[in-house]
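I have placed the structure first, in the form of C-alpha cells, so that the comments after it can refer back to it.
Every number for a ligand or one of its atoms is a count from 1 in the order of the listing.
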Amino acid sequence: MQKGSINGTGVSPGLALGPVHIVYAGPSDIPTWTVGRDEVAIEIGRLATALNVAADRLDERRKKVLSSAGAKDAEIFVVHRAILQDPSAMRQVEEAISEHRINAEAAVKMLIDRFEQTMGKLEGNSVRAYASDVSDPWYFVLDVLLEQDRAEVLQTDGQVILAAAQLTPAVMTFVERGRLAAVVAEKGGRFSHGAVLARSFGIPCLVGASNLLARLEQGMQVAVDADRGFVQLSPSDGQVEELLARKTSIEGRRDALRQEAASRARTPDGFELMLLVNIESVRDLETFENEHVDGIGLLRTEFLYLERNSFPSEEEQHRLYRRVLEHLEGMPTTLRLLDIGGDKPLPYFKTPAETNPALGWRGIRITLQWRDLLRVQLRALLRTSVFGDLRVLIPMVTSLDEIAELHEIFQEVRNELAGQGYPVVENLPVGAMIEVPSALLEIDRILEAVDFVSVGTNDLVQYLLAVDRDNPWVSDLYDPLNPAIFRALDQIARAAKRCNKPASVCGDMASDPVLAILLLGLGYDSISVAPQFIPEIKYAVRRTTQAAARAFAEEILSASNSAPVHRAFDRIRNSLYGADETR
Ligand code: PEP
Ligand code: MG
C-alpha cells in the first residue's frame with residue numbers, strides 16, 4: 001500500500017478525508033492507476049464489456065449512416081468493428097493490464113500510442129489514413145471505458161476525492177457536488193476556471209501535486225489538506241485524528257463568523273463595503289443567505305450552458321434568470337453575457353483548435369459573430385428585467401466598437417420585444433468587464449459608454465503579465481501581487497470616481513481578505529466573491545478603518561518591486577489574524 005504525502009498548492013481552502021477516484025475529464029491525459037493482483041481480472045472484464053458496447057454502438061452508427069448516406073459511407077463502421085475483433089490487439093491490451101498492473105483505460109491508450117507511433121511515421125497519405133482507421137475504433141472503446149468510470153462512481157454512495165491529471169471545469173462537474181469531498185490534480189492554475197469553480201462550490205482543492213496519479217490507486221483512502229498544501233496517502237489513525245481535529249476547529253471558526261455575518265460589512269469609521277457574490281448556477285443560490293450579501297456581482301451564465309447537451313432555448317434561459325432574480329428579492333443581480341471559448345469550451349459548440357486559446361475566439365468575440373446566440377440570450381434577459389434589479393455585464397471587452405455594436409443589438413432586441421408586447425425595463429444598466437489591457441487604456445471612454453465596470457482580475461493579471469492562467473509551467477509567474485496590477489486597479493478606481501460610475505472587482509483575488517482591504521483602500525466600494533468568503537471578508541473589514549486601508553493602498557502603490565508589497569501584506573495579515581492556527 002502506498003504511503004507518504006505529496007505536496008501541492010491549495011487553490012480552494014479546506015480539509016477532507018475519503019476514498020480517491022481517479023478521473024479522466026479532458027483535455028488530453030488518460031487516468032492511469034495501478035491495480036492489485038486480484039483486480040487484473042476485473043480490468044480485463046471491464047475491457048471485454050467496453051469492447052462489446054463499442055461494437056454495438058458502431059453497428060448502430062453503421063445503420064444510421066446506411067439509411068442517410070448509403071452503403072459506401074457505412075462501410076467504415078464494418079471495418080472498425082472488424083478491427084476491434086483482432087485477437088492480437090486484444091491480447092496486447094490484456095497483457096499490458098496484467099504485466100504492468102494498470103487500468104484498462106491506460107492499457108488501451110498504450111495500444112493507440114503504439115499504432116500511432118509506428119504507422120503514423122510511415123510515408124504516404126493512405127498509410128497514415130490507415131493508421132487512423134486502426135486507432136479510431138480503440139478511441140471509441142476508451143470513451144466507453146471512461147463513461148463506465150463515471151457510472152461506477154455514481155453507483156457508489158458517499159463522498160469521493162477526485163484525482164485528475166489536470167483541473168478543468170469538466171473535472172469539477174464530473175459528479176454532483178454533494179458527492180465531492182475534495183479535488184486534487186497534478187496540474188492546474190490557481191485562477192483557472194476549474195479553480196474558480198472549486199472555490200465557488202466551496203470544495204477543498206489542491207493542484208501541482210506532481211506524480212500524483214502514479215502513486216494513487218482507485219479507492220485508496222487519502223487525506224487532503226488544501227490549507228497546508230498536501231495530500232496524505234493512506235493516512236495513519238493518528239494523522240486522521242489530527243486532521244479531523246483541525247477540521248472541527250476550522251469549521252467552528254467558520255460557523256462563528258457566519259453568525260456575525262448577517263449585518264453589512266462596515267469599517268469601524270463607518271464606511272460600508274458592498275459585498276456581492278459570484279455564482280455559476282442556480283444551485284449556488286442555496287450557498288448564501290440573502291441577508292448576508294448585497295446582491296450578485298457576477299453570474300457566469302456560460303456555466304448554465306456548460307452543464308447541458310445543447311443550447312438552452314430562450315424560454316429555458318428566461319425561466320432560469322427569473323428564478324435567480326426572484327430569489328434575490330430586489331437586490332442587484334448582475335448577469336454576465338455568455339463567455340465561452342478558451343478553457344470553457346461547450347461540448348456541443350465546436351470551436352476551432354487554437355494554438356493560443358486565451359488570445360483566441362472567446363467571450364464577446366464569439367457572440368458578436370454568432371448573433372443568434374446573443375439575441376436569444378438578450379431576449380431572455382430583457383424579458384426577465386421586470387422581475388428584479390437586473391444588470392448586464394459584457395465579458396472580454398477589448399474595444400469601444402464592441403460596446404457600440406452590443407448597444408445596437410440590445411436596442412434592436414428591445415424594440416422587437418416591445419413590438420411583441422413584452423414589458424421590458426427601459427434603462428437596464430449595462431456594464432463592461434475590464435480584463436484586457438486595451439480596456440484599461442481606454443477606461444475613461446469605456447466608462448462613458450457603459451453604466452458600470454467590473455474588473456476581472458483573473459484575466460487582467462493573465463493579460464497584463466503575459467502569463468497563461470491555465471499553464472502550470474508559468475503558474476509561479478502569475479502573481480496578483482505584482483505592483484503593475486495594483487497600478488492598473490488604481491487607475492480604474494480613479495477613472496470610475498472621475499466619471500461618477502460604480503466600479504467593482506469580481507476576479508478571485510478579491511476573495512483574499514487582505515486584498516479586499518486593499519481594494520477598499522484603492523477606492524472600490526464593492527467587490528464580488530464566491531459566497532464562502534463573505535464571512536471572512538466581513539471579519540477583516542470590521543477590524544480595519546477606511547483610513548488604515550487607504551494608508552495600506554498608498555504604501556503598496558509606492559512600492560517599486562514585490563518585496564515591500566509582500567511585507568506590507570504579511571503585516572496586515574498578522575494584525576488581523578496573529579498566530580490564529582485556523583487561518
Ligand atoms: C475574471 O477574469 O476575473 C473573471 C471574473 O472572469 P472569468 O474568471 O470567468 O474569466
Ligand atoms: Mg474573465
Self-check item: Proximal atoms of ligand 1 relative to K344 (non-hydrogen, under 4.0 Å)
Solution: 9 (O)

Exercise. Considering the heavy atoms of L298, write down every atom of ligand 1 situated less than 4.0 Å from one of them.
Key: 5 (C)

Self-check item: Heavy-atom nearest neighbour of atom 3 (O) of ligand 1 within options V455, N458, V505
Solution: N458

Quiz item: Applying the side chain to side chain contact (heavy atoms under 4.5 Å, CB included) test to Y478, which of N458, N471, D468 qualifies?
Solution: N458

Quiz prompt | Non-hydrogen atom of M433 closer than 4.0 Å to ligand 1 | solution = yes

Practice problem: Report, rounded to 10°, the angle at the Mg ion (ligand 2) between the two atoms OE1 (E435) and OD2 (D459). | Solution: 100°

Quiz item: So F288 and H327, would you call those rings parallel, tilted or perpendicular, with 30° and 60° as cut-offs?
Solution: perpendicular

Quiz item: Considering only heavy atoms of D459, which atoms of ligand 1 have at least one such atom less than 4.0 Å away?
Solution: 1 (C), 2 (O), 3 (O), 10 (O)

Quiz item: Looking at atom 6 (O) of ligand 1, what's its closest protein heavy atom, distance included?
Solution: R336 NH1, 2.9 Å

Self-check item: Atoms in ligand 1 flagged as close to C506, the criterion being non-hydrogen separation under 4.0 Å
Solution: 5 (C)

Quiz item: Does the ring centre of Y539 sit less than 6.0 Å away from the ring centre of F533?
Solution: no

Exercise. With T301 as reference, evaluate Q377, E280, Q317, R336 under the side-chain hydrogen bond (donor to acceptor under 3.5 Å, both in side chains) test and give the passing residue.
Key: Q377

Exercise. May I ask you to list the atoms of ligand 1 that are less than 4.0 angstrom from any heavy atom of G456?
Key: 1 (C), 2 (O), 3 (O)

Exercise. Tell me, please: is R469 in heavy-atom contact with ligand 1, that is, under 4.0 Å?
Key: yes

Self-check item: For atom 7 (P) of ligand 1, closest protein heavy-atom neighbour
Solution: H193 NE2, 3.2 Å

Practice problem: Run the numbers for me: atoms of ligand 1, each under 4.0 Å from some heavy atom of G507, listed by number. | Solution: 3 (O)

Quiz item: Does the separation of the ring centres of F569 and F552 fall below 6.0 angstrom?
Solution: yes

Self-check item: Geometric cation-pi criterion, R322 with F387: 6.0 Å, 45°
Solution: yes

Quiz item: Which heavy-atom pair separates S504 from S526 by the least distance, and what is that distance?
Solution: OG-OG, 2.9 Å

Quiz item: How far is atom 5 (C) of ligand 1 from its nearest protein heavy atom, and which residue and atom is that?
Solution: R300 NH2, 3.4 Å

Quiz item: Heavy-atom distance under 4.5 Å between the side chains of F303 and L197, does that happen here?
Solution: yes

Quiz item: Does the ring of Y305 carry R300 above it, NZ/CZ under 6.0 angstrom from centre and within 45° of its axis?
Solution: no

Self-check item: Region of M396 that comes within reach of ligand 1 [heavy atoms, distance under 4.0 Å]
Solution: neither

